[in-house]
S.K.: 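The structure that follows is given in the form of structure tokens.
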Amino acid sequence: MLSGADLCPTSQRIAREFCGNSDAVASLGGMVESGRLPHAFILEGADGLGKSTFAKIIARGAMCLCREPLSGGCAHCRKLRENIHPDLMYVQGSGKTNAISIDSIRSMRKEALIAPNEAEKRVFILEDCDTMQSAAQNAFLKIFEEAPPHVVFIMTCRSAMNLLTTIRSRGRIISLNPVEPEEGARYIADVMKAAELSQARNAMAASGGNIGEALRLLGSESASQAAEKADSIASGIMEAMCAGSELSLAVSCAAIGKDRAMGGMVCAILLERLRCALMTAVGAGETVDSANPHALRLGATLSPDIIIRQIDEINELNDMLRINISMPLFNTKLAIILQRRK
Ligand SMILES: [Zn+2]
């Protein structure tokens, strides 16, 4: 492992945007700084270790015209960051095995022969090459051999061992590895701003140093927290409806706050419970499995007509979430709909 002080300036800039993996960073930085980039890379590593991110940094390395390489100011750096660079192309798999087909390789070949639009290089990122059939790999090998000098290929895979030896021997293999959990946690919290440091530490510990996996854990954690909150707000609203208190109904609806997604989730729960109340109101309550107690109480007190109207109006209100209704107005309208008793 290299320490930051041993890295060339370009590697140091890469290290600021790519966490850990100092060997990979140092080797790419060195190649970019010397202007000697191979025309084929094989980027290997488990899912979540940043292959896509690193592939894009290689693409930037191939195209960047910043005075200090990869400092981000040139048009190529900017367009690559915004995913609008015409000289970066992705080749992806399809079908059940998600393998890159021989047809995709053939159309890539045509593209590769065309001169770049704006940069000096055209970069092709071939994603998840592990399942690529030998025929497709051999077709790719032919392009390799006749590739014009303006082309850079980047293949990503879980393991380079899944590729033909002939391909492996012609590409520069870069391996990505898990990072130190603390370093990864700081990256998630400070650079990506994707979570609080304490949450990021827990997720990094659970993921064994895999940042992508930690982000997935953080995402599902926040999703389950949001679902819990939506459930509790919806229950508060149903309780207020049962109690017939306009004030508590307004307060419960206001708990949605300014969170649009929360508004949608609360609507979905309310709709489900009101449908259950409707079944009870029309005397078909026994057909509802695991009935919500609030729904049963409401079904016993409200007429089916009122419940049907509330369901329709909540559906309409829910649609307004998508056309930018203000959230305070949304919360107020929701309370008004649910207050209806005739
Ligand atoms: Zn640049």
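First listed ligand is number 1; within each ligand, the first listed atom is number 1.
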S.K.: Among H76, K79, H85, whose side chain to side chain donor-acceptor pair (under 3.5 Å) with E118 holds?
M.R.: K79
S.K.: Do the side chains of L215 and M204 join up, straight or via other hydrophobic residues, at under 4.5 Å, putting them in one cluster?
M.R.: yes
S.K.: Can you classify the ring geometry of F153 versus F140 as parallel (below 30°), tilted (30 to 60°) or perpendicular (above 60°)?
M.R.: perpendicular
S.K.: Quick one, E120 and L65 - any side-chain contact, counting heavy atoms below 4.5 Å?
M.R.: yes
S.K.: If you compare all heavy atoms of I233 against all heavy atoms of S252, which two are closest, and at what distance to 0.1 Å?
M.R.: CG2-O, 3.6 Å
S.K.: With under 30° as parallel and over 60° as perpendicular, where do the rings of F144 and H39 fit, or are they tilted in between?
M.R.: tilted
S.K.: Hey, which protein N/O/S atoms does the Zn ion (ligand 1) have under 2.8 Å?
M.R.: C64 SG, C66 SG, C74 SG, C77 SG
